[in-house]
Amino acid sequence: MPPDCTSAFYEENAETYANRARSLPKQRLDAFLAGLAPGAAILELGCGGGQDSDYMLSQGFDVMPTDGSAKLARQAEVLIGRPVRVMLFQELDADSAFDGVWAQASLLHVPSPKLPDVFARIRRALRTGGIIHATFKAGDAEGHDGFGRYYNYPSAEWLSELLTNGGWGNIAISESDGGGYDGKPTRWLTVSAER
């Protein structure tokens, strides 16, 4: 199944997905924001319905929300009242522009062979000392879920090696059990690292 099935899913289900009942990952958000100076510039990759960007904006941060789906971006704009840039991760071309990158359950859709390049782009977009937060569904082989969405399903070891080889510092990866949009039990990897 081609990865563009993932894009098609978000385009076709944008309103339902954006307005679903979703608890804000407040503990993770607060931990991420605590590592940044007040008013810091944050890039959100894959903002979905915009709830996380909305929260970070409410805390006084300068947030640039992005999403790969034009329809999801429009949904997020309604919530946060500001433009959302439609952009694929591979199109990120910023240099030392952000203090933090928030990628909650978004980079997990990047095909495994393309992840090193995407992380290199993110690292370049961060200022020295900038931090990233990203979450992935854990696994040991890429695949698709019941909705046809592509997932890279990495292991913690694989991600750690990728980040180390990419020059990242202060790498921390934790594991926890949770769920996802498909309602199935999910093992999550939460990644933080510093440029």
Side-chain angles (χ1 to χ4, degrees), residues 1-33 43-58 63 65-80 84 86-90 101-115 118-119 132-160 162 172-192:
M1 206 174 293
D4 59 1
C5 289
T6 305
S7 300
F9 169 84
Y10 289 111
E11 283 293 299
E12 291 162 14
N13 299 283
E15 190 170 350
T16 306
Y17 186 82
N19 297 301
R20 74 198 187 282
R22 172 186 180 258
S23 55
L24 197 69
K26 194 168 178 312
Q27 197 174 347
R28 288 183 184 154
L29 276 161
D30 288 340
F32 171 72
L33 297 175
L43 171 65
E44 181 173 11
L45 293 173
C47 72
Q51 296 89 348
D52 295 3
S53 276
D54 190 52
Y55 179 77
M56 292 187 281
L57 287 163
S58 78
V63 183
T66 69
D67 201 274
S69 162
K71 288 188 178 174
L72 257 183
R74 300 298 83 83
Q75 291 290 322
E77 286 175 350
V78 171
L79 176 67
I80 63 179
V84 172
V86 178
M87 179 189 81
L88 299 175
F89 308 127
Q90 298 90 322
V101 170
W102 179 260
Q104 175 77 12
S106 59
L107 298 178
L108 41 64
H109 293 310
V110 177
S112 299
K114 294 184 179 176
L115 259 181
V118 169
F119 269 112
I132 182 174
H133 160 93
T135 56
F136 294 85
K137 291 186 177 187
D140 51 23
E142 56 192 334
H144 294 81
D145 71 359
F147 293 110
R149 297 179 298 174
Y150 168 87
Y151 286 91
N152 43 40
Y153 295 121
S155 67
E157 296 74 24
W158 188 86
L159 274 176
S160 179
L162 184 155
I173 301 175
S174 62
E175 297 191 37
S176 60
D177 290 317
Y181 183 74
D182 61 4
K184 296 193 171 153
T186 304
R187 187 75 175 160
W188 286 95
L189 302 175
T190 301
V191 178
S192 63

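Please read these numbers as outputs of a predicted model, since none were measured by experiment. Numbers here simply count residues along the sequence, with the first being 1.
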* Is it true that Tyr17 and Phe147 have ring centroids separated by less than 6.0 Å? -> no
* **Asp145 versus Tyr153, side-chain donor and acceptor atoms under 3.5 Å** => no
* Over all heavy atoms of both residues, which pair between Ile173 and Ala156 is shortest? Give the atoms and the distance, please. => CD1-O, 3.5 Å
* Is there side-chain contact between Val110 and Phe119, with heavy atoms separated by less than 4.5 Å? -> no
* Check side chain to side chain contact (heavy atoms under 4.5 Å, CB included) between Ala172 and all other residues, then give those that pass, not counting sequence neighbours. => Ser192
* Asked: Counting distance only, does the side-chain N/O of Ser160 pair as donor-acceptor with the main-chain N or O of Glu157 below 3.5 Å?
  -> no
* Structure fact -> Distance col, row Glu12:CD vs Ser7:OG, nearest 0.5 angstrom, shows 10.5 Å
* To do: Might you point out which heavy atoms bring Ala73 and Val86 nearest each other, and give the distance in Å?
  => CB-CG2, 3.8 Å
* Taking every non-hydrogen atom, the tightest pair across Leu189 and Ala138 -> CG-CB, 3.7 Å
* Return the orientation label for the His109 and Tyr151 ring planes: parallel under 30°, perpendicular over 60°, tilted otherwise. => tilted
* Met56 CE to Phe32 CZ distance, which is reported to the nearest 0.5 Å -> 6.5 Å
* Asked: Which value, rounded to the nearest 0.5 Å, describes the distance between Leu45 atom CG and Leu88 atom CG?
  -> 11.0 Å
* To do: Search all heavy atoms of Leu107 against all heavy atoms of Ala134 and return the closest pair with its distance.
  => CD1-CB, 4.0 Å
* Any chance CG of Asp140 has more than 12 other-residue heavy atoms, nucleotides or ligands included, within less than 6.0 Å? -> no
* Structure fact -> For residues 43-55, the salt bridge (Lys or Arg N to Asp or Glu O under 4.0 Å) pairs (sequence neighbours left out) are Arg22-Asp52
* If you count the non-hydrogen atoms of other residues, nucleotides and ligands that lie under 6.0 Å from CD in Glu11, is the total more than 12? -> yes
* Structure fact -> The reported gap from CD1 in Ile80 to CD in Glu77 (rounded to nearest 0.5 angstrom) is 7.5 Å
* To do: List for me each residue that meets side chain to side chain contact (heavy atoms under 4.5 Å, CB included) alongside Ser174, sequence neighbours excluded, and say none if there are none.
  => Thr190
* Asked: Sequence neighbours excluded, which residues qualify as side-chain hydrogen bond (donor to acceptor under 3.5 Å, both in side chains) partners of Asn13?
  -> none
* Asn152 (side chain) donor-acceptor with Glu142 (main chain) under 3.5 angstrom -> no
* Residues that Gln51 engages under side-chain hydrogen bond (donor to acceptor under 3.5 Å, both in side chains), provided they are two or more places apart -> none
* To do: List for me each residue that meets side chain to side chain contact (heavy atoms under 4.5 Å, CB included) alongside Ala76, sequence neighbours excluded, and say none if there are none.
  => Cys47, Val84
* **Note, Phe89 side chain near Lys114 side chain (heavy atom, < 4.5 Å)** => no
* Structure fact -> Minimal heavy-atom distance between Trp158 and Ser112, with the atoms involved, is CH2-O, 3.9 Å
* Indicate the ring-plane relationship of Tyr150 and His144, choosing parallel, tilted or perpendicular according to the 30° and 60° boundaries. => perpendicular
* Minimum heavy-atom distance Pro154-Lys137, with the two atoms named -> CD-O, 3.4 Å
* Asked: How far apart are the C-alpha atoms of Asp30 and Tyr55, what are their side-chain angles, what is the distance that settles it, and do they pass the side-chain contact (heavy atoms from CB on, under 4.5 Å) test?
  -> CA-CA 10 Å; Asp30 288 340; Tyr55 179 77; 2.5 Å; yes
* Point-to-point distance, once rounded to the nearest 0.5 Å, from CG of Leu108 to OG1 of Thr6 -> 9.5 Å
* Asked: About how many Å separate CZ of Arg28 and CG of Leu33, when rounded to the nearest 0.5 Å?
  -> 14.0 Å
